Amino acid sequence: MYTFRPETDFAAFDKFVEEHHGQYQQCSLWPQVKTGWSSHLYSGFDAEDTRVLTCLVLERKLPAAGKLWYIPYGTVSDYTNELLQKEFADFMKGEMKKAGAFVTIIDPPVVLRIDGEEQEEGHAAHKLLTDIGYELNTDLDSYTYKHPVQTLIPLKDENGDMIPAKKLLKKCEKGVRYSVRVGDGRGLTSKRYTWDDIQKQPEILDYFISCMNDTSERQSFTHRDKEYLTTLISVLKDYTDITIVYYDKGKDTKLQNERLAERAKKVEALKTAPEKKIKGLKNDIEVIDNNTKNYEKRMEETADYGPDEVIPVGGGLTIRYGGFGSCVFGGSRNIVRNQTRSSHYLNYLRLCESIDEGMDYHDLGYILCDNPKEPGPDGVLGKCEPRKNFEGINSFKLSFGAHYTEFIGEYMLVGSRFRYWIYKHLMPLAKKIKMRTIFFFKRGKND
């Protein structure tokens, strides 16, 4: 038998979450970030009063439908423990009834496949959840839906030892290895900033936002305003940092002058070089000439900047919690992007930082998926495919040695069928009518 009660010891709650590899969205600090929601925190205990489950519930009141409950990432618990899950589901039904919540939506880390290989434990957890009353949400257009595909890079080997960053890099595709290798040689530098640094230098956030705002055509990156980012970093300051990649124009020019000086020496050496060394010298000169062409292109792209300007060209916000290094936001500017490959360079730096912090996994983000087919006889979703505007991002992220992990998706515990019907059918219809009315109103006004 298990007991469940509202949480009062937030320190113990968060300790359990972190030690059991929970996500930062499952800790007691998260409601301070998601200020548009109210929150409830629960913990579950076994017969010896040992904590075995934590649950953060976010609550939002919706017009007509009533209160919606959402448990980000589900509970931190053992999803193979049938009695624990059943008794907690019964407990939640009672709490929903008391609070007047019409549905509870959870998105637990129930894994369907890893790199195409089906996971028996995930299937067993799915069967258990559906047997005890949860319903699988197959409506991917729901605005509460979490993307079900995650790219995770294991940072520890089968013995539990950290994998050196250079060893991971060797497994990457040629383009990634090249980007990391040439970054320093093309004037890229980087710096990692904490909340304390940002308080002393508020312009750091402006640099970061400038990088994200210049990736508007790349819809894979989520944009947030400065106020939200400030809240996020300040609340999770013990786990969050920003890495910014800069293009140092003066450093690039200094390196180019060094290359030209080296070229002059090789041209002079050609005059007296023995036959067996001529080919090698000519190849070296050709490489320098190609680098010179690229350098000239960088100078053209940055003509509006001074000769010694240091320009932010890439930025990433990373949260490291519960053994996961999560790339939450990030992007690289259009300027000198193709010349410096700053996005690969940035991601490699963030991966190195996660290794230094002793994380188990580094998460490069989520991939949006098209609506899958209806669930099969066992209730499991079909294969998820990346949306068309995300073509390429899958291989880009997997090139860092990531595993393509498919989660089954959201589950729902329905309290009121009528209010849930309003939420699923009438509210989306009302939203479409509202947007269409606004569209016609604006068009009529312009005419």
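Here the structure is a predicted model, which means the values were calculated and not measured.
Of the N and O atoms on the side chains of Thr243 and Glu353, at least one donor lies less than 3.5 Å from an acceptor on the other residue. Under the 3.5 Å distance criterion, with hydrogens and angles disregarded, no donor-acceptor pair is assigned to the side chains of Arg337 and Ser343. Using modelled atom types and a 3.5 Å distance limit, the side chains of Ser77 and Gln85 yield a donor-acceptor pair. Side-chain contact of Ser43 with Glu7: a donor-acceptor pair under 3.5 Å is present, judged by distance alone.
Using a 4.0 Å cut-off between charged side-chain N and carboxylate O, Arg192 and Glu357 make a salt bridge.
Using a 4.5 Å heavy-atom cutoff, the side chains of Phe400 and Tyr348 are in contact. Proximity of Leu346 to Ser332: side-chain heavy atoms (C-beta onward) are nowhere separated by under 4.5 Å.
Residues forming a side chain to side chain donor-acceptor pair (under 3.5 Å) with Lys251 (at least two apart in sequence, or on another chain): none. Under the side-chain contact (heavy atoms from CB on, under 4.5 Å) criterion, Gln119 pairs with Val111, Ile114, Glu117, not counting sequence neighbours. Every residue meeting the salt bridge (Lys or Arg N to Asp or Glu O under 4.0 Å) condition with Lys67, not counting sequence neighbours, appears here in chain and number order: Glu59. For Asp197, the side chain to side chain donor-acceptor pair (under 3.5 Å) criterion is met by Thr194, not counting sequence neighbours. In this structure, Tyr134 has no side chain to side chain donor-acceptor pair (under 3.5 Å) partners at least two apart in sequence or on a different chain. In this structure Tyr411 satisfies the ring pair (Phe, Tyr, Trp, His ring centres under 6.0 Å) test together with His126, sequence neighbours excluded.
Relative ring orientation between Trp69 and His40 is described as tilted, the plane-to-plane angle lying within the 30° to 60° band.
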